[in-house]
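Here is the structure we will look at, set down as structure tokens.
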Amino acid sequence: MTYRAPVADIAFALEHASGFGPALAEGLYGDLSQDVVQAVLEEAGRFAGDVLAPLNVAGDRHGTPFKDGAVATAPGWKDAYRAWAQAGWNGLAAPAQWGGQDLPQAVNAACIEMWNSAALAFGLGPVLTMAGVDALVVHGSDELKRAYLPKLVSGEWMGTMQLTEPQAGSDVGALRTRAERAGDGSYRITGQKIFITYGEHDLTDNIIHLVLARLPDAPEGTRGISLFLVPKFLLNPDGSLGARNDVRAHSIEHKLGIHASPTCTMVYGDNGGATGFLIGEENRGMACMFTMMNQARLSVALQGVAIAERATQQALAYARERKQGRVGGAQSGSSPIIAHPDVKRMLLTMRALTRAARAICYATAVALDRAQRSPDEAARKAAHERASLLTPVAKAFSTDIGTEVASLGVQVHGGMGYVEETGAAQHYRDARITPIYEGTNGIQAIDLVTRKLPLAGGATVRAHIGEIRRTVAAVDATNDPALGWTGVRLRDAVDSLERATNWLLGGQHNDLDPALAGATPYLRLFALATGGALLAQEALAAKRLAGNDEDAAARIALARFFAENMAVQAGALERTVVEGADSVNRADAALA
Ligand SMILES: Cc1cc2nc3c(=O)[nH]c(=O)nc-3n(C[C@H](O)[C@H](O)[C@H](O)COP(=O)(O)OP(=O)(O)OC[C@H]3O[C@@H](n4cnc5c(N)ncnc54)[C@H](O)[C@@H]3O)c2cc1C
């Protein structure tokens with residue numbers, strides 16, 4: 001089963017759930033028209049389905065063989081990458097000044113979803129290049145920008161993002177890679193990085209590593225980290241490729257999934273140190289990294305949506321074909337398994353979680369666009385805070401549900417899901433990394449609770465809760481019996497979210513431990529209330545646009561399913577946050 005990009009759903013979520021429609025209408029994107037957006041989405045869908053999706057299984061089987069320091073990507077990958085870059089997809093949202101198309105992050109987000117649905121291991125590479133472009137645009141010197149941005153934006157070169165070391169994973173501040181001032185303005189980098197995605201490969205002639213390292217006189221922890229650009233090949237004065245830099249891939253990992261994406265151990269300084277160029281200021285590397293990380297975290301969130309969409313498509317197709325048992329008094333023959341209520345529940349859960357996560361991700365992208373493009377400074381600041389609030393929710397929820405949905409996809413296939421030939425197992429294996437990299441989901445939840453809820457003195461989260469309440473009121477105002485208990489259940493959910501938020505913000509707990517213990521259930525509660533409201537918004541929009549046609553009926557049914565089957569978990573999650581956290585901190589004996 002291959003992938004067909006759900007362009008109509010994607011466009012609908014963009015326009016009616018994310019806030020993109022109003023932003024376009026009010027001129028946030030200049031003279032960009034809906035027609036152009038639609039054409040971009042359709043073309044991306046075609047490329048993803050026709051060119052990338054067929055590479056997915058072959059890439060998984062081939063992996064990335066490593067020999068004499070070189071990585072060979074799977075047959076067809078290089079050509080596909082070149083065609084993809086030449087079509088301009090890498091620079092879709094990059095500044096026009098550097099050869100990009102300056103299109104909205106929201107449109108790029110939709111495209112990133114499609115590349116990753118088609119082949120997650122392929123989509124992952126450009127995600128890192130795009131994040132590197134963002135960091136260089138904001139923090140790089142003019143000289144670095146001129147030398148590196150045009151080819152990174154066009155995709156002629158790819159980028160990497162290098163934080164992790166054996167002793168420094170979630171604790172980035174523990175990193176030890178050293179950077180010594182060379183006297184000519186450059187730096188000599190020595191040390192080792194592990195788990196580096198696309199650290200070595202044959203897709204492009206040069207690879208531009210963005211590397212975190214520590215100066216000899218740097219303060220301890222994250223306040224002593226600097227960011228360096230370290231090219232695989234140094235550049236001659238005319239910009240052509242020069243000498244090989246003193247950095248190499250030492251080995252690659254053998255992984256559960258994303259086999260077609262090389263994950264490398266990188267060694268710096270066999271011959272005295274790789275030449276690196278400072279990005280931003282010394283010891284201010286974390287600020288640069290945060291610019292990259294917001295973009296990269298949203299992209300990984302979109303990977304969660306992407307794999308969930310792909311797994312759902314595959315499970316639906318299988319459930320329509322596979323026949324077992326008889327349903328609903330059928331006299332002869334067996335029924336397709338989709339007719340069994342339990343299978344139907346699995347499929348609806350898959351679809352509802354996927355659509356909710358998609359809406360949350362696109363809403364985050366629109367907030368990023370507003371933070372960048374709003375003419376008014378106060379509006380830019382508020383949008384930046386909203387994007388900051390939503391980013392950890394988008395990352396953790398979407399990648400958690402990506403894994404859950406892919407697992408359900410295996411379940412719908414029964415035994416055929418557990419063997420490799422259907423492809424359902426690959427989605428599950430590929431999905432599993434997404435809650436881990438780009439900041440584990442536990443770290444996202446802690447970020448949400450400790451740093452994002454207090455933003456603007458709590459005003460950012462309260463504004464968000466207010467928005468959910470407005471959607472609930474709009475649902476109530478319809479009095480539409482087809483929406484069942486949607487309004488009631490979403491009101492319960494947002495009430496739970498508000499109480500749990502107040503508890504966390506109010507410091508009613510005496511120390512930080514209960515808040516940290518409740519962070520993950522709080523993030524889920526936040527996402528369920530938000531996702532439920534955004535799906536309800538889609539249902540209301542469909543109803544408004546088309547009365548009672550098939551699309552409106554489908555969206556209403558899905559919003560109702562989500563509210564009555566998933567948003568109802570909010571009450572239990574609230575209790576887990578407020579009451580259950582205490583039992584976490586009193587249960588050490590149970591782990592003895
Ligand atoms: C396939 C793959 C690709 C990767 N690509 C890259 C890349 O391109 N660049 C790069 O720099 N890195 C990359 N990574 C590394 C990845 O980002 C890290 O694995 C991740 O950040 C977690 O770090 P760790 O593995 O050291 O786990 P640890 O930090 O040891 O965490 C283990 C567990 O403890 C929890 N934990 C740790 N600290 C805390 C805390 N303070 N509070 C609560 N819980 C905590 C974590 O949530 C996790 O559940 C990649 C990893 C893989 C597997």
Side-chain angles (χ1 to χ4, degrees), residues 13 17-19 109 113 297-298 300-309 349-367 386-405 431 434-435 438-449 451-453 460-461 463-465 467-469 471-472 486 489-501 504 518-538 558-559 561-577:
S18 72
E113 180 196 317
R297 284 183 173 167
L298 176 58
V300 173
L302 289 158
Q303 289 194 313
V305 178
I307 202 79
E309 171 64 38
T349 302
M350 295 170 81
R351 175 146 281 173
L353 288 172
T354 306
R355 294 251 181 104
R358 175 181 291 138
I360 292 173
C361 287
Y362 292 1
T364 309
V366 171
R386 176 174 160 79
S388 300
L389 177 74
L390 292 181
T391 297
V393 180
K395 197 278 174 178
F397 178 66
S398 306
T399 57
D400 277 345
I401 70 94
T403 309
E404 289 162 29
V405 168
T434 59
E438 213 34 67
T440 65
N441 286 359
I443 297 294
Q444 305 298 324
I446 290 169
D447 178 48
L448 174 67
V449 163
R451 284 206 283 268
K452 303 302 169 60
L453 292 190
T460 311
V461 65
H464 179 72
I465 289 171
E467 255 179 61
I468 299 177
R469 289 203 182 283
T471 303
V472 176
T486 304
R489 296 297 172 246
L490 289 182
R491 179 169 297 101
D492 288 347
V494 72
D495 285 347
S496 283
L497 176 63
E498 185 155 40
R499 283 190 298 266
T501 304
L504 288 164
T520 290
Y522 175 79
L523 188 146
R524 186 75 173 202
L525 163 57
F526 190 117
L528 290 179
T530 305
L534 294 178
L535 289 186
Q537 232 170 275
E538 286 191 26
L558 199 72
F561 174 82
F562 191 96
E564 294 180 359
N565 293 271
M566 326 208 96
V568 284
Q569 294 158 17
L573 288 163
E574 176 198 351
R575 282 194 291 282
T576 312
V577 175

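All figures in this text were calculated on a predicted structure; none of them were measured in a lab. The first residue in the sequence is number 1, and the count goes up from there.
Considering CD of E404 and OG1 of T349, their distance stands at 10.0 Å, rounded to 0.5 Å. To the nearest 0.5 Å, atoms CZ (R499) and CD1 (I465) are separated by 11.0 Å. Atom CG of D447 is separated from atom OG1 of T391 by 8.5 Å, given to the nearest 0.5 angstrom. Here CD1 of I360 is found 6.0 Å from CG of L534. Values are rounded to the nearest 0.5 Å. Here the straight-line distance linking atom OG1 of T576 with atom CZ of R524 works out to 12.0 Å at 0.5 Å rounding. Taking CG from L353 and CG from D400, the interatomic distance works out to 10.5 Å, rounded to the nearest 0.5 Å.
Residues R386 and L390 have side chains in contact (heavy-atom distance under 4.5 Å, counting atoms from C-beta outward). Contact check for L448 versus L389: side-chain heavy atoms found under the 4.5 Å cut-off. Within the 4.5 Å cutoff, the side chain of M350 has no heavy atoms near those of the R355 side chain. In this structure, the side chains of V405 and I307 stay at 4.5 Å or more apart for every pair of heavy atoms.
Across all their heavy atoms, I468 and A533 have their closest contact at CG2-CB, 3.8 Å. Here the closest non-hydrogen pair linking A431 and T403 is O-OG1, 3.6 Å. Of all non-hydrogen atoms in L490 and A567, the two that sit nearest each other are CD2-CB, 4.0 Å. The two residues A301 and A394 come nearest to each other via the heavy atoms CB-O, 3.3 Å. Annotation for L525 and A500: closest pair CD2-CB, 3.7 Å, computed over non-hydrogen atoms. Between E564 and T486, the closest heavy-atom pair is OE2-N, 4.1 Å.
A donor-acceptor pair under 3.5 Å is formed between the side chain of K452 and the backbone N or O of S388. No donor-acceptor pair under 3.5 Å is formed between the side chain of Q303 and the backbone N or O of L298. Checking side-chain atoms of N565 against main-chain N and O of F561 turns up a donor-acceptor pair under 3.5 Å. Remark: the backbone N or O of K395 is not paired with any side-chain donor or acceptor of S398 at under 3.5 angstrom.
Qualifying side-chain hydrogen bond (donor to acceptor under 3.5 Å, both in side chains) partners for T501, counting only residues two or more places apart in sequence or in other chains: Y522. With sequence neighbours left out, the side-chain hydrogen bond (donor to acceptor under 3.5 Å, both in side chains) criterion links R297 to no other residue. Not a single salt bridge (Lys or Arg N to Asp or Glu O under 4.0 Å) links R575 to another residue, sequence neighbours left out. Applying the side-chain hydrogen bond (donor to acceptor under 3.5 Å, both in side chains) test to T364 and every residue at least two apart in sequence or in another chain returns nothing. The side-chain hydrogen bond (donor to acceptor under 3.5 Å, both in side chains) check on E538 picks up R555, with sequence neighbours excluded. Among residues two or more places apart in sequence or in another chain, the ring pair (Phe, Tyr, Trp, His ring centres under 6.0 Å) test is passed with F526 by H464.
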Evaluate the side chain to side chain contact (heavy atoms under 4.5 Å, CB included) criterion for residues V300 and T399: first the C-alpha distance (whole Å), next the side-chain angles of each, then the deciding distance (0.1 Å), finally the verdict.
CA-CA 7 Å; V300 173; T399 57; 3.9 Å; yes
After noting the C-alpha distance and the side-chain angles of R358 and E309, does the key distance pass the salt bridge (Lys or Arg N to Asp or Glu O under 4.0 Å) rule?
CA-CA 9 Å; R358 175 181 291 138; E309 171 64 38; 2.9 Å; yes
